[in-house]
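The structure under discussion appears below in the form of structure tokens.
In what follows, every heavy atom counts, from backbone to side chain, and hydrogens, waters and symmetry copies are set aside. To find a chain, count down the sequence lines: A is the first, B the second, and so on, and within it residues start at 1.
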Amino acid sequence: MNENDKRVKEMLEEENIPQELEPENIKKMLDEKAPQKKRGNIRRVSKITAMAAACALVCGTAAYLGTNGNILNGGSPKNLSSGNGDDESGSTSRNSKTKDGKETKPASDGDAITENNGAESYDEIYSYLKKSSKKYKKLTSTRYSSKGNVDISDDVADGDAIAETNEESNTASLSAQGGKGGADEHSDTFNQEEGVLESDIVKTDGRFIYRAANKYDEDGNYIPSISIVEAENGKLLNKSSIDIVIAPQLERPDYSNDSDDVYYYKPYGISTVVSGMYIYNDMLVVVSASNEWSEFNDVSDTGEYNYSFKNNSRTVVQLYTTGLEPQLIGSYSQDGYYSDVRISPDGYLYLVTSYSSYSFDNIGGAENTDNYIPSWNLNEGEETLVAADCITLPDIDISPSSTLSYTVVGSIDLNDNTECVPTDIKAFAGYSGTVYCSAENMYTTCGWENTEITRIAIDSGTITPAASGEVVGYVNDQFSMSEYDGYFRIAVTDISSSWTEDILYDYFFFDSSQTDNDLYVLDMDMNIVGSLKNYGKGETIKSVNYDGDRAYVVTYEQTDPLFAIDLSDPTDPTITSELKALGFSTYMQKWDDTHLLGIGISADENGIQDGFKITMYDSSDPSNITSVGEYIIPFANDYDDYSSRWSYSPATYERKAALIAPEKDLIGIPLCTQSYVYYYEKEDGYNYTHDYDSEITSEYLFFKYTDGEFELIGNTEYHSTDINSKYMDRALYIGDYVYTISDSYIIAADAETITETDRLDF
Amino acid sequence: MNEISDDVRLAKNGDSEAFSRLYAAIYKDLYHIARYSLRSTEDASDAVSDAVLDAFCSIKKLQDPEKFRSWMMKILSSKIKQKQREYFKAEDAQQEGTESFDFESVELREALGHIDSESRLLLSMSVLGGYTSDDIAKICNIKAGTVRSRLARIKEKLRLELA
């Protein structure tokens, strides 16, 4: 390659690779999305209600004791007295009313359990995996074409009256969630379900602002850290930061004697990223995902290579004190790739991870439980395996695979802020993809052509996989799901007719003109009780919003129909209104009782995407949803003699990047513009010094909505010439000031006028 | 050490770990090509993951394991073009800038910014991916002669010599 080609190559290779494209994460994506033989659902639980199970599940083998005598892995959590049906924290949901206002009782009043669904022993799990691996080897392919055979598992035992009523509404959290006394009211991450807290990379308690950043060092490795700023009345007073260090667990292989060309693979690596944080009970809670891998080659006597790839992923929750000098209080770690996390209204953190065993050939015997059973630890101490009877295996025909994949759910009691108190851990078959959580149940989903849904009852830290079911189609994000009034609603896009062979390019691809969209209503046993099929043919779901008895679904291919759906009769969801518009919303949130806000992409009649759009819908009449205000921020697409520009908004991909604060009549949208600005010094003839500068402009645009239209109030702005400079992607307010934040700087401004009051580099 | 053909065979049987090893050897180039040809990090990331998912699901169609890289690039270039179609109307793409832009008086980086989307794909495949004009022709379904002359024009304007 000549010198000039090298310079071009250098320039084009400057940007760091996004984390989701790293090989270990790609493997995870393929495991979740590539169609597989039906995995089989968890064994259906009989005679167990979500609430009663919490009181009664007992470990067959010895209970594992955490500190303070907490019993983990299936025993009763400490704040739950077993067998006491009247235990308030145990058995009933907070406002158990059915639609007609009657009180309901759970079917079982906390009797000692019933059946245990877990495995008998690790040996049982090992032989399950052995059979599965045998079957897998006999197969010649995992042929990609299931034509949507919906085999919904409905072997519910008779008499299962699961009383799951739920008064959760989707009202936007209009009241500010402030810190304790003295702190100004401030914004917080919007929670899909009230009281069920979602994590984020930025949090505030009204006085300190915490920002998680996954930065790169010179070798391109992630170094996660938390930057902390003290803010007061629009001034940024003090700053500090802490590094997040997760210790490696694998041994780094020794290649010093290896003369082979190892360029093809990385023999060892560890990468840790902060997935999210919370401020809770005066603690800073940091959730980090750590992926570690190592390869080893074993040369046998015959000179054959035995190659193995070890992958150790775990997710660590660390508890710190708040303020500028956080001190580590304790930590909890659980095997598996990070999937999601929530804090329930009663103060328990529930962590979901996806764990994969080594492939059967690399396990080497039932006694090597480390290789196929997930484990957890407290304060980076000894690893404890999840007990066999806390692991639920699939019940129906063993589906062939050379590895076992589990969803692992663990809980921590955050009501104690002096130490880390894990309370329960369970594992069940299948990966965890998108997770939705209500106050009483967590739902994990898995799959792409078909989505398997598992309902996990959560109560005071106790975790009980309760039921599972399946629908045809994939789920766009957590907002496509909702639990309300004893029913689970899920909106999906069905791609089963969409795989097409591309003769020209010689591969299968997904032909989006053949998709269809459906909405299903399931009961708490995960049986389908009602459905709405085939709306938005040839389009895919872009956003969904549930509001009690109503759902709003946006589908899109070239135009954006917004469907309003009436769910008051669970057996018969119906479309009440359809509004067509150009472009599409990628996220919708309730603005007030008669308005729905949509944010997303604007496009012209031909589907050419040309900007970011915010739309206000009038939702007062379900039979006639109308648009009552729109603002388009065009994507700069400019070329003149001295510059070229492209822009986009991070809020298109990440709803948490938008600040939506109806209580302050404030909407903040980030916009990132990259322009190439040039200068050039010619030395002589054809030799130039190339001092290239790309310019990144990062802005947050703030709007208010009054009298039927959006008004742009002002914006904060930051310029950088570093192509890897991160743009601002979060905004929050504290009192009368807004703060817009990237992972390396923060800007404060007056919330009324968006006039900058201060800025600071981390 | 696993050979490419071993991993391809495993991947054909649905082994995602083997596929991710194949991917690991080429993923940085894939990303940078997508990034230069598209508007944002997110679009480039989408294009690569979509291409990877399709490739994994269709890997049985790959006859010659040694061709994995160019086969993967074929799928990715299709994704990139699909995405580019959403940005620009077909007739605008030509006018986007390469032909009329004055390459003489500006710096390399500015010049790179002014190149139209299809040319970006060709240029980045050549410089980043190291594909020959013949490779690129097969991957993008353009005549080899066309690829050669376009690359020659672009590189000349950028004052680059053909490798």
Side-chain angles (χ1 to χ4, degrees), chain A residues 1-2 4-5 7-9 11-13 15 17-18 20-21 23-24 26-27 29-31 33-36 139-142 144 260 264-266 297 305 307 309 504-510 606-609 639 641-644 646 648 652-653 676-680 686 688 690 692-694, chain B residues 1-2 12-17 19-21 23-25 27-28 31-32 35-36 39-45 48-49 52-58 60-61 71 74-75 78 86-89 96-97 101-102 105-110 112-114 123-124 127-128 130 141 158-161 163:
Chain A
M1 181 176 287
N2 64 44
N4 287 322
D5 268 1
R7 281 168 41 206
V8 171
K9 185 168 150 75
M11 251 181 248
L12 297 184
E13 280 180 344
E15 208 179 296
I17 315 285
E20 64 271 13
L21 295 185
E24 57 278 8
I26 285 291
K27 174 192 181 307
M29 182 274 284
L30 292 176
D31 287 330
K33 288 198 175 178
Q36 310 173 31
L139 290 186
T140 52
S141 75
T142 51
Y144 179 73
D260 280 349
Y264 195 57
Y265 306 113
K266 290 193 276 187
N297 291 327
Y305 269 111
Y307 171 83
F309 186 88
L504 197 64
Y505 283 95
D506 199 28
Y507 71 104
F508 284 100
F509 72 101
F510 163 53
N606 299 316
I608 306 296
Q609 300 172 15
Y639 299 91
D641 285 346
Y642 300 102
S643 64
S644 67
W646 267 349
Y648 67 101
T652 310
Y653 300 92
Y676 293 103
V677 174
Y678 311 107
Y679 59 92
Y680 142 72
Y686 291 106
Y688 355 158
H690 67 285
Y692 45 84
D693 277 344
S694 48
Chain B
M1 192 76 59
N2 278 34
K12 284 185 181 187
N13 281 333
D15 188 338
S16 59
E17 203 171 281
F19 188 92
S20 65
R21 284 196 290 269
Y23 167 81
Y27 77 108
K28 290 186 182 173
Y31 173 72
H32 289 300
R35 184 62 186 91
Y36 179 56
R39 188 174 283 183
S40 67
T41 311
E42 286 83 0
D43 283 351
S45 176
V48 174
S49 4
V52 161
L53 180 60
D54 281 358
F56 182 61
C57 295
S58 330
K60 289 210 55 149
K61 304 214 105 203
W71 178 77
K74 208 192 258 200
I75 299 174
S78 160
E86 288 169 17
Y87 299 157
F88 304 110
K89 294 188 173 95
E96 202 184 307
F101 181 67
D102 177 11
S105 61
V106 303
E107 219 250 12
L108 185 58
R109 177 160 287 275
E110 173 180 9
L112 284 173
H114 266 269
L123 178 66
S124 57
V127 170
L128 289 176
N141 262 314
L158 292 174
R159 303 281 168 78
L160 302 176
E161 281 137 24

Any chance you could lay out the side-chain hydrogen bond (donor to acceptor under 3.5 Å, both in side chains) test for B/Ser45 and A/Glu20, step after step, and finish with the verdict?
CA-CA 8 Å; B/Ser45 176; A/Glu20 64 271 13; 2.7 Å; yes
For chain A, which of B/Ser49, B/Ser124, B/Ala44 has the most heavy-atom pairs under 4.5 Å?
B/Ser49
Using the test side chain to side chain donor-acceptor pair (under 3.5 Å), find all partners of B/Tyr31 that sit at least two apart in sequence or belong to another chain.
A/Glu15
Between A/Leu21 and chain B, which part of the residue has a heavy atom less than 4.5 Å away: side chain, backbone, both or neither?
both
What is the minimum heavy-atom distance between A/Pro23 and B/Tyr27, and which atoms define it?
CD-CZ, 3.6 Å
So, for B/Trp71 and B/Ala55, which heavy atoms are closest and what is the spacing to 0.1 Å?
CH2-O, 3.2 Å
Segment of A/Gln609 engaging chain B (4.5 angstrom heavy-atom cut-off)
both
